[in-house]
There are 2 protein chains.
Amino acid sequence: MAQIRDVSKLAGVSPATVSRAFSDPSKLSAETLKRVLAAAEELNYKPSSLAQLFRVKRTNTVLVMVPDIANVLFARVVSGIERIAADNGYNLLVVDTKDNKDVEAAGIEMVETYRADGVIQLGERALRWLHRDAEKCTIPFVHAIGTGLDESYPTVTINNYEAARSMASYLLSLGHRKIGILAGIKGRLVTQHRLDGFRAAMEAFGVTLEDSLIEYGAYSLAGGAQSAQRLLSRRGDATAFLAMSDEIAIGAIRTAQDLGLRLPDDLSITGFDNIEFGKYCEPPLTTVMQPAERIGEVAMTLMCGVLRNELKGEIHPLLPTELVIRNSVCRVEEPS
Amino acid sequence: MAQIRDVSKLAGVSPATVSRAFSDPSKLSAETLKRVLAAAEELNYKPSSLAQLFRVKRTNTVLVMVPDIANVLFARVVSGIERIAADNGYNLLVVDTKDNKDVEAAGIEMVETYRADGVIQLGERALRWLHRDAEKCTIPFVHAIGTGLDESYPTVTINNYEAARSMASYLLSLGHRKIGILAGIKGRLVTQHRLDGFRAAMEAFGVTLEDSLIEYGAYSLAGGAQSAQRLLSRRGDATAFLAMSDEIAIGAIRTAQDLGLRLPDDLSITGFDNIEFGKYCEPPLTTVMQPAERIGEVAMTLMCGVLRNELKGEIHPLLPTELVIRNSVCRVEEPS
DNA sequence: ACTTGCAATGAAACCGTTTTCATAACATGC
DNA sequence: GCATGTTATGAAAACGGTTTCATTGCAAGT
């Protein structure tokens with residue numbers, strides 16, 4: 001591959017001039033510029049990114065840490081990130097962390113070793129869990145679909161509590177009282193927030209959430225199927241299930257149908273996220289929309305802001321959610 | 001951030017020695033090594049990747065070009081790639097090409113400008129479409145889930161023709177004769193290969209595939225729903241639909257059910273890919289398994305091979321597919 | 001004792017750009 | 001005509017490591 005030296009020789013100028021021809025053509029006389037460009041063209045010269053980046057000590061790259069790239073929701077967030085990154089000339093390094101803390105820590109180390117300019121975290125862990133020098137760590141970091149709103153770095157997420165509360169309220173307003181919770185992974189903040197939201201709605205309706213109506217599990221189809229199985233066998237009296245993700249809900253639907261239940265008449269089920277498949281279920285899934293792509297876009301936009309040192313506006317946006325009513329829920333007789 | 005010079009000074013050695021301490025400790029005396037490591041630790045020194053990579057002219061990064069990162073199938077392939085990449089110390093740059101040729105061309109240019117060592121293409125386009133100097137282009141390239149087996153670079157895919165043929169044969173063996181095709185995007189090679197497979201099976205059974213039984217569309221839920229709509233209104237006599245992807249099939253199921261059809265009794269539908277959601281459909285989808293993660297793994301393994309100049313074995317592996325029989329298909333009376 | 005070979009280390013070149021600083025040429029204002 | 005400013009360009013330093021090559025000290029072989 002031709003180098004800047006070759007071009008400069010062919011054009012009869014110095015390497016500096018060639019460099020300027022690409023970075024700021026207005027600095028050159030029209031005549032010189034033409035000659036340089038012609039020489040570059042002839043030699044098919046392209047500047048070495050490696051050398052450029054090394055010189056300027058920026059990678060123009062941001063690292064995205066995603067717990068599971070094959071998960072539809074995460075994939076959509078990444079898609080949103082990607083769009084904005086491309087628009088702004090950033091490259092995306094993605095690592096599938098498998099929710100492993102060490103992998104995540106290695107990720108943030110990548111910016112300390114100049115392999116990425118910043119990191120967007122999609123996992124649960126806040127920066128503080130990933131770096132020993134807690135508050136001394138100043139790397140560009142943005143946390144998407146996380147939960148911490150009191151951090152010093154940008155976070156973009158939804159109000160899980162409110163979204164969950166509104167979903168539960170909807171179910172309660174339709175007369176449901178024995179409501180099972182198909183929760184996600186126990187101990188996860190997002191799980192806790194949604195659970196709190198569910199509980200708040202119930203208490204507003206004067207019903208207390210019994211422990212035996214809660215079943216934890218993975219945020220996945222299989223997780224939902226299993227949780228539903230256990231919950232169904234333990235509490236056959238439930239008239240509805242609040243699932244903490246669409247995948248969980250769809251898994252539960254499968255289980256319910258395998259058990260011969262007719263949905264939604266025998267059992268109402270709601271999801272969370274509004275992934276596309278929910279719309280194509282049988283019955284189509286009532287859920288709460290989480291703007292996944294948008295979250296990604298906003299996260300990357302914020303990242304651009306911090307990388308350019310021109311962050312402005314809200315640093316902890318809470319993106320709007322929305323109830324999506326379809327047919328997986330039915331009204332139930334008010335208890336006497 | 002501390003630099004190698006600082007460490008060398010603190011340890012009282014030359015920078016070269018510090019460098020060796022990290023790259024090949026066996027070259028140092030135990031005593032020196034200990035001193036260097038201690039100094040590095042004390043200063044929290046980490047070598048600058050940027051400088052290292054620049055020096056050795058490798059990025060340890062491979063670019064994966066995916067037409068749509070939010071698509072479940074692609075996401076699974078990426079997941080497989082990621083696993084092997086991580087195992088081998090490679091980073092993954094991913095760009096969502098939106099199936100855009102210019103974006104893809106820019107992608108392959110990234111290896112010419114030393115931004116990536118090689119590229120794994122998940123889109124349809126072969127290298128030859130993306131580079132003017134067709135055969136002169138020698139960048140490390142591997143094509144996954146593509147179709148060309150006569151290229152000089154590695155390709156990893158399935159036998160679309162055979163897989164499609166076996167699926168169609170299955171349907172035919174169950175008595176179906178009026179079979180609609182929910183095809184993918186017209187003009188795509190993969191679409192053509194699967195169509196050829198379908199047709200071959202039918203001809204083996206003495207039935208010819210009428211044009212009016214073929215409907216093209218996007219490889220998506222919405223695409224499937226629309227195609228099914230059109231096909232159903234045009235050819236109400238079809239007893240089965242062969243879809244070219246699970247998403248198409250699931251979209252079609254939705255349409256069929258909205259129209260009041262009972263599945264599989266009124267209409268059998270088959271998919272292609274075996275994405276997880278197919279298992280949770282109602283009815284559960286009969287489909288043909290395509291080993292997406294495995295394809296990614298093999299692709300990345302091959303990439304490692306070419307990057308290390310030690311490619312061995314089959315360079316055009318055809319991964320095995322498998323019929324997955326569930327409940328979206330039923331037997332039909334043999335025509336008299 | 002004298003070469004030979006090997007292990008441990010350091011000095012310095014090198015990777016391919018960008019950027020700073022100096023310079024030359026030329027126009028401008030007085 | 002002379003100081004002054006401006007524009008176009010080049011020389012060389014700098015970025016932070018790795019690697020080559022030379023050197024030194026020491027053990028082994030003859």
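Letters A, B, ... are given to chains in the order of the sequence lines, protein chains preceding strands, and every chain is numbered from 1. Just so we're clear, the structure is a prediction, and the values are computed from it rather than from any experiment.
With C:dT17, D:dC15, D:dT18 as the choices, the nucleotide that has an atom nearest any side-chain atom of A:Gln3 turns out to be C:dT17. The B:Ser19 side chain lies nearest to D:dT19 when the options are D:dT19, C:dG16, D:dA11.
The CZ-P distance, from B:Arg35 to C:dA8, rounds to 14 Å in whole Å. Straight-line distance from the CZ atom of A:Arg58 to the C1' atom of D:dG16: 17 Å, rounded to whole Å. A straight line from CD of A:Glu112 to C1' of D:dG17 spans 18 Å, rounded to a whole angstrom. Across the protein-nucleic acid pair, A:Arg5 atom CZ and C:dC15 atom P stand 11 Å apart, rounded to whole Å. The CD atom of A:Glu31 sits 12 Å away from the C1' atom of D:dA8 (whole-angstrom rounding). We find that CZ of B:Phe22 is positioned 14 Å from C1' of D:dG16, with the value rounded to whole Å. Following rounding to the nearest Å, A:Ile4 (CD1) and C:dT19 (C1') show an atom-to-atom distance of 12 Å. C:dT17 atom C1' lies 14 Å from atom CZ of B:Arg115, rounded to whole Å.
Note that CD of A:Glu124 is 9.0 Å distant from CD of A:Gln121, once rounded to the nearest 0.5 Å.
Ring centers of A:Phe22 and A:Tyr45: under 6.0 Å apart, within the cut-off.
Counting non-hydrogen atoms under 4.0 angstrom, A:Val13 reaches the backbone sugars and phosphates but no base. Among the heavy atoms of the strands, none lies under 4.0 Å from B:Ser23. Across all strands, B:Arg20 comes closer than 4.0 Å to base atoms (heavy-atom distances).
Along DNA chain C, the nucleotide closest to B:Ala30 and the one closest to B:Tyr114 are compared, and the more 5′ of them pairs with B:Ala30.
The phosphate of D:dG10 has OP1 or OP2 within less than 4.0 Å of a side-chain N or O from A:Thr17. One finds no side-chain N or O of A:Lys27 lying less than 4.0 angstrom from the OP1 or OP2 phosphate oxygen of D:dT7. Look at B:Ser29 and you won't find any side-chain N or O under 4.0 angstrom from OP1 or OP2 of C:dA7.
Atom CD of B:Glu41 has 12 or fewer neighbouring heavy atoms from other residues, nucleotides or ligands inside a 6.0 Å radius.
A salt bridge links B:Asp99 with B:Arg188; the closest basic N to acidic carboxylate O contact falls under 4.0 Å. Between A:Lys27 and A:Asp24, at least one side-chain N (NZ, or NE/NH1/NH2) sits under 4.0 Å from a carboxylate O, which counts as a salt bridge.
Listed by residue number, the members of residues 36-54 of chain B with any heavy atom below 4.0 angstrom from DNA chain D are B:Tyr45, B:Pro47, B:Ser48, B:Ala51, B:Gln52, B:Phe54.
Side-chain contact check for A:His143 versus A:Leu127: every heavy-atom pair is 4.5 Å or farther apart.
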If you apply the rule salt bridge (charged side-chain N to carboxylate O under 4.0 Å, His left out), what do you find for A:Glu297 with A:Arg294, and how did you get there?
CA-CA 5 Å; A:Glu297 291 174 356; A:Arg294 188 81 197 110; 2.6 Å; yes
